[in-house]
Amino acid sequence: MSISLYNSLSRRIEPFTPLDPDRVTMYLCGPTVYNYVHIGNARGPVVFDVLARLLRRHYPNVVYARNITDVDDKINTAALEQGVEIGKITGKFAQAYREDMAGLGIAPPDLEPHATAHIGQIITMIENLIAGGHAYAAADHVLFDVGSYPDYGNLSGRDTEELIAGSRVEVAPYKKNPTDFVLWKPSTPELPGWASPWGRGRPGWHIECSAMSAAHLGDTIDIHAGGIDLLFPHHENEIAQSTCAHGGKVFARWWMHNGMLTFDGRKMSKSLGNVLLVHELLKLHPPEALRLLLLRGHYRQPLDWSEGAITQAISTLDGWYRVLRDLAEVAMPEGALPVPARVEAALCDDLNTPQALAELSQLADQARHSGSAEAKAALLGGGMLLGLLQQQPEAWLKRGESSVDEAHVEDLLQQRRAARAARDFARADAIRVELTALGIAIEDGAQGTRWSVLKQ
RNA sequence: GGCCAGGUGGCAGAGUGGUCAUGCAGCGGCCUGCAAAGCCGCGUACGCCGGUUCGAUUCCGACCUUGGCCUCCA
């Protein structure tokens, strides 16, 4: 089964063929670590985690890098405000990021390069750009000369003239062209900085991704991914500087962009202030429901976040986990779980996760009806590729029991059992009401009475 | 203003030139002491107007409308 992926560069879905099938390379623009990330920031990592899982099934060696940008003016501002070294800030939030991503069931990337560990490569790359006539030093800065790269604007479909005409920012006087962007900028003594041929300074925003990508994955990589809001100018600038620094070699063969997460109909973003932190959401809701919600829309479409959508995702998972609970005693075949062809086919079709989830629902029905080990394995196998259904069914349905006094629940259930045996249904129903008030739902079934935690 | 992506049933959300998405919610029934779960069934969905076609939600054009980018942003 071959994988087809939408390429922002060609604006069409193309059959994916890696440059070297023995080393498939993928880079995702990671966070700038100066505070906690919000759920919108997690959409790309979740989606491209699924892509990495899919690629690993097709190719023996996938190298997936997701960087940490740990040098940036926002970090500097936070460090100055708090009176600490930037490392204090970046260390804390890089770790929080790893934990948040793990909480969402995202497998760690193969590589997690840090910008500050690549200052040497950044300086070398800038020197190459200057030597090639693609960059120039001016007023203690180094700038990329957009005029030296005729293909600038290919990715975002912009032409330089329009950019100049529509420019909303004041143009720095030392720029040759208004669209030139900073590769290196000077640092004042109180700011972090590194020695360079242009004086003590620090890298501009875009260069670190180019340098880290080249350092770990090579001059040409297979897939470069990120949010659609990075398409311009970040990715456009990355293409320009990487291509020019590498003698015209193609930088990334596929460009993939996830759509924005919206909240109240607007893009969730720090500047608008309508953010929900992953850190907080993970405490409030079952993490897998958050992951399911992020996969319920196609990755290129906008996706609206809401409380109701979370509840809905929980209900869906409840249904699947109930099937698995009923089949808890059914032994699995030896070896790795099989991935159902229909789930895989959906993902191979430009990562159609909504279709894959529809297939999962069908598999759940089949497992419920047949009760067979094969059907159960198929459901779990499909879930695994999506990073779902990874919990024990009982643990899921009881929400980990963390907020429940299980002994008390069992005691009430025992009392109710006695009442029912005595056909004192009024008493039995009263106990059920009491349990409901505690947030416990019960089911009388062939195997006795079972309980679970009500949706939250 | 320029560039880009959308508008599908109560909500969410795939997809397709001519039977079916799927999920959640709702309604009716079966089952149950009653519930819950499960099972069976139900609701005449494709923004608007033209065009192409034997036939369009699906192709083409105009219009209305929502969102994203053009400044930091996943």
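Each chain gets a letter, A, B and so on, in the order its sequence line appears, and its residues count up from 1.
- Atom pair A:E236:CD and B:rC72:C1' shows a separation of 18 Å (rounding to whole Å applied).
- Contact annotation for A:G265: backbone-only contact, meaning every heavy-atom pair under 4.0 Å involves sugar-phosphate atoms and none involves a base.
- Results of the salt bridge (charged side-chain N to carboxylate O under 4.0 Å, His left out) test with A:R416 over A:D429, A:D444, A:D411 single out A:D444 as the only residue that passes.
- The CZ-P distance, from A:R423 to B:rG33, rounds to 8 Å in whole Å.
- Computed from coordinates, the A:W320 CH2 to B:rG38 P distance equals 14 Å when rounded to whole Å.
- Contact check, A:R368 against B:rC39: a side-chain N or O comes under 4.0 Å of OP1 or OP2.
- When heavy atoms are screened at a 4.0 angstrom cut-off, A:R325 is found touching no nucleic acid atom at all.
- Nucleotide B:rG55 has no partner under the Watson-Crick or G-U criteria, as no pair reaches both atom distances under 3.5 Å.
- Of the residues near RNA chain B, A:D429 and A:Y6, the one whose nearest nucleotide (by heavy atom distance) lies more toward the 5' end is A:Y6.
- Put simply, A:R158 has no side-chain N or O that comes within less than 4.0 Å of OP1 or OP2 on B:rC69.
- In this structure, A:L363 places its CG atom 15 Å from C1' of B:rA21, rounding to the nearest Å.
- Here A:E359 lies out of heavy-atom contact (under 4.0 Å) with every strand.
- A sub-4.0 Å separation between OP1 or OP2 of B:rG6 and a side-chain N or O of A:H298 is absent.
- Listed nucleotides: B:rU22, B:rA14, B:rA37. Nearest to the side chain of A:A358: B:rU22.
- Counting any heavy atom pair closer than 4.0 Å across all strands shown, A:S156 reaches sugar-phosphate atoms only and no base atom.
- The distance from atom NZ of A:K267 to atom P of B:rA5 is 18 Å, rounded to the nearest whole Å.
- A:R43 contributes no side-chain N or O that forms a donor-acceptor pair with the base of B:rA74 under 3.5 Å.
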